[in-house]
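For clarity, every value in this text was computed on a predicted model and none was experimentally measured.
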Amino acid sequence: MDQMFKVPIRNLFCLLSYVNDMPELIESLNDVDEDLITYDFIVNQFIREVGWLHRRGFVKDYVEKQEVTNRLAGRILINESIPYLVGRKPVLVCEKDEYSPDILLNQVMKSTLQSICVNRYVKKETRKKSFMQLDYLHEVGEIQLTKKIFSQIYFGRQNVHYKRMIHLAKMLFELRLLSHKQGKWSLFSAELDEKALNGIFEKFLFHFYRIEQKDYRVASEVLKWGLEGNTSFLPQMKTDVSLTHQNGLEKIIIDAKFYKNAFQEHFGKSTFHSHNMYQLFTYLMHQKKELQLRGILIYPTNGTCLDEKYQWSENVWMEVMTVDLDGSWKEIHRSLMAVVDEEDGIKKDEIQAKIDKVFDSISIYPEYTSHIIRITDYKWNQEMKDFRVEYHVGRRKYVFHYPDELDALVEGYEVSDDKLEQLENEVNYIKRMMERGIGEKEYYPLTEVKR
């Protein structure tokens, strides 16, 4: 029997947003407390979107309609009319184009509202709101929602404002499919088996790295066995995610493995699952020798956080890490981005944490007021070679720029070789100048004041 994982609805929502290639849904909810993102919350977002579309006006198009009539209109369908003619009935079957809201987009909307009305995971008042929205769609027919139906939807200039509604409808459809397969669901969490979660997470990782970073080309590779003989009996070697750097010299191979426990027990000793390690090692051994290679196994956190690294040679590394699917989405995002965010061997999230620490430690007490000024608006350009941090103190914008090569302008100044240390020195210098009421003077070599 497959092991079960409890996953918060908010995180399952984020995973499916990437799987369905619509991360903008996550961005639209950035200001919402993560704990508030429940199944019912997502349903309410959909109902709100339907209400907005109704106020704007539902899209209409010409739809072919067939009707039995004694008034000729449109095209006469002879074959369909023959039974009536034989029966000597004074009617014909006619087909005509009617300008109607009964199109696929509105049919998906209505069918989703109907599924909400009978969904036991939705609150009673939410089901009532969904039922009331159905009154606006009395001219629209019903359809059976399937994955194929959603794949038939295309957006153009006339219906692009339907995109968010369709994305939410697809999200609810995916969640409903999963809820039918699994028994223990609630408004806040879902229990999924290893097989279901592994399939979702593999696709999520692929689309996450395809969307969230630009330094690596993302693909799922089919590798050829380096063996001679009858290869027809050899299994296919296919990676979950292969990240190839733009410089052509670095590659990361990621394999998602979802087990209740990242370890196997053998005579009382805990070790990583041997077949997973063998599989990833085989992938690495079938790469070009000149590449800098990293193979990473990703497991869900289950009481044990892992970030282990093993070196095979100067250019080949194997890593085992865990991702806490029960944690906040921001932490999940940060841990996955840390895989590709490295600058001179240092992970970018570690650099960002140090920058955060610099600004968090700064409190400015100006001489002219009792109001304490803290620097909360700052942004790093994500590079170390051309290190740049922009920040605001009051209405002024400051730009700290530490290029890879310092020019003659800094001659005579004591400049630290550590860019983060120099940033902290100059921010503290600005703090002291402001506290003395002489912040207009510019005695900091690498900081420019933008008026």
Side-chain angles (χ1 to χ4, degrees), residues 23-24 26-28 30-31 209 211-216 245-247 250 329-331 333-451:
E24 59 268 20
I26 302 173
E27 295 174 7
S28 68
N30 278 343
D31 296 331
Y209 287 116
I211 294 168
E212 291 295 328
Q213 58 78 43
K214 303 300 180 185
D215 294 332
Y216 292 83
H245 200 278
Q246 291 177 351
N247 61 22
E250 303 171 40
W329 168 248
K330 289 181 180 178
E331 286 301 318
H333 186 281
R334 176 173 291 187
S335 63
L336 291 176
M337 286 304 295
V339 170
V340 294
D341 282 350
E342 290 197 0
E343 192 74 44
D344 297 331
I346 305 173
K347 290 183 178 179
K348 286 185 179 179
D349 65 331
E350 295 175 3
I351 298 171
Q352 185 65 58
K354 291 178 181 179
I355 294 172
D356 294 341
K357 188 177 180 180
V358 168
F359 286 104
D360 289 345
S361 65
I362 301 293
S363 297
I364 303 173
Y365 299 85
E367 189 179 59
Y368 55 85
T369 179
S370 59
H371 179 66
I372 302 173
I373 299 176
R374 298 188 185 278
I375 304 173
T376 57
D377 185 7
Y378 56 90
K379 185 178 181 181
W380 171 44
N381 68 344
Q382 301 292 308
E383 294 184 19
M384 284 302 288
K385 289 184 178 180
D386 189 43
F387 187 79
R388 183 188 298 267
V389 178
E390 299 179 0
Y391 59 96
H392 290 81
V393 182
R395 295 181 179 179
R396 285 194 185 87
K397 178 181 177 181
Y398 294 83
V399 180
F400 174 83
H401 182 209
Y402 196 136
D404 201 34
E405 294 183 6
L406 295 174
D407 55 29
L409 292 175
V410 298
E411 287 183 6
Y413 291 97
E414 290 186 10
V415 178
S416 173
D417 292 333
D418 187 329
K419 297 180 180 182
L420 291 171
E421 182 182 342
Q422 184 64 28
L423 170 67
E424 185 173 14
N425 291 342
E426 298 204 13
V427 174
N428 273 304
Y429 191 85
I430 292 171
K431 162 186 158 68
R432 292 194 297 273
M433 292 298 101
M434 291 193 68
E435 289 179 340
R436 295 173 188 173
I438 53 176
E440 292 292 334
K441 296 186 179 180
E442 301 176 17
Y443 296 125
Y444 15 90
L446 299 178
T447 300
E448 180 183 0
V449 184
K450 301 287 187 179
R451 304 298 182 189

Discussion item. Once side-chain hydrogen bond (donor to acceptor under 3.5 Å, both in side chains) is applied, do any residues pair with D360, and if so which ones, sequence neighbours excluded?
Written reply: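 D360: no side-chain hydrogen bond (donor to acceptor under 3.5 Å, both in side chains) contacts found.
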Worksheet item: Can you name the residues that form a side-chain hydrogen bond (donor to acceptor under 3.5 Å, both in side chains) with R374, not counting sequence neighbours?
Response: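 Only S363 meet the side-chain hydrogen bond (donor to acceptor under 3.5 Å, both in side chains) criterion with R374.
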Fill in: Test salt bridge (Lys or Arg N to Asp or Glu O under 4.0 Å) applied to K419 - qualifying residues, sequence neighbours left out
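Once residues adjacent in sequence are excluded, K419 has no partner under the salt bridge (Lys or Arg N to Asp or Glu O under 4.0 Å) criterion.
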Worksheet item: Could you state the interatomic distance from OH (Y391) to CD1 (I430), rounded to the nearest 0.5 Å?
Response: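 If we round to the nearest 0.5 Å, Y391:OH and I430:CD1 are 3.0 Å apart.
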Going by the rule side chain to side chain contact (heavy atoms under 4.5 Å, CB included), which residues pair with [X] if we only count those two or more places apart in sequence or in a different chain?
X: D417; value: none
X: H392; value: D377, K397
X: V358; value: E424

Practice prompt. Would you name the heavy atoms of Y209 and L336 that are closest together and state the gap between them?
Written response: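 Minimum heavy-atom separation between Y209 and L336: OH-O, 2.7 Å.
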Fill in: Nearest non-hydrogen partners of L420 and D418, listed with the distance
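Result for this residue pair: N-OD1, 3.0 Å.
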Worksheet item: Does any N or O in the side chain of N381 come within less than 3.5 Å of the main-chain N or O of D386, such that one atom is a donor and the other an acceptor?
Response: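 Yes.
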Discussion item. One pair to check against side-chain contact (heavy atoms from CB on, under 4.5 Å): Y402 and L423. What are the steps and the verdict?
Written reply: CA-CA 9 Å; Y402 196 136; L423 170 67; over 6 Å; no
Item to complete: Can you label the angle between the F387 ring and the W380 ring as parallel, tilted or perpendicular, going by 30° and 60°?
Response: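 F387 and W380: tilted rings.
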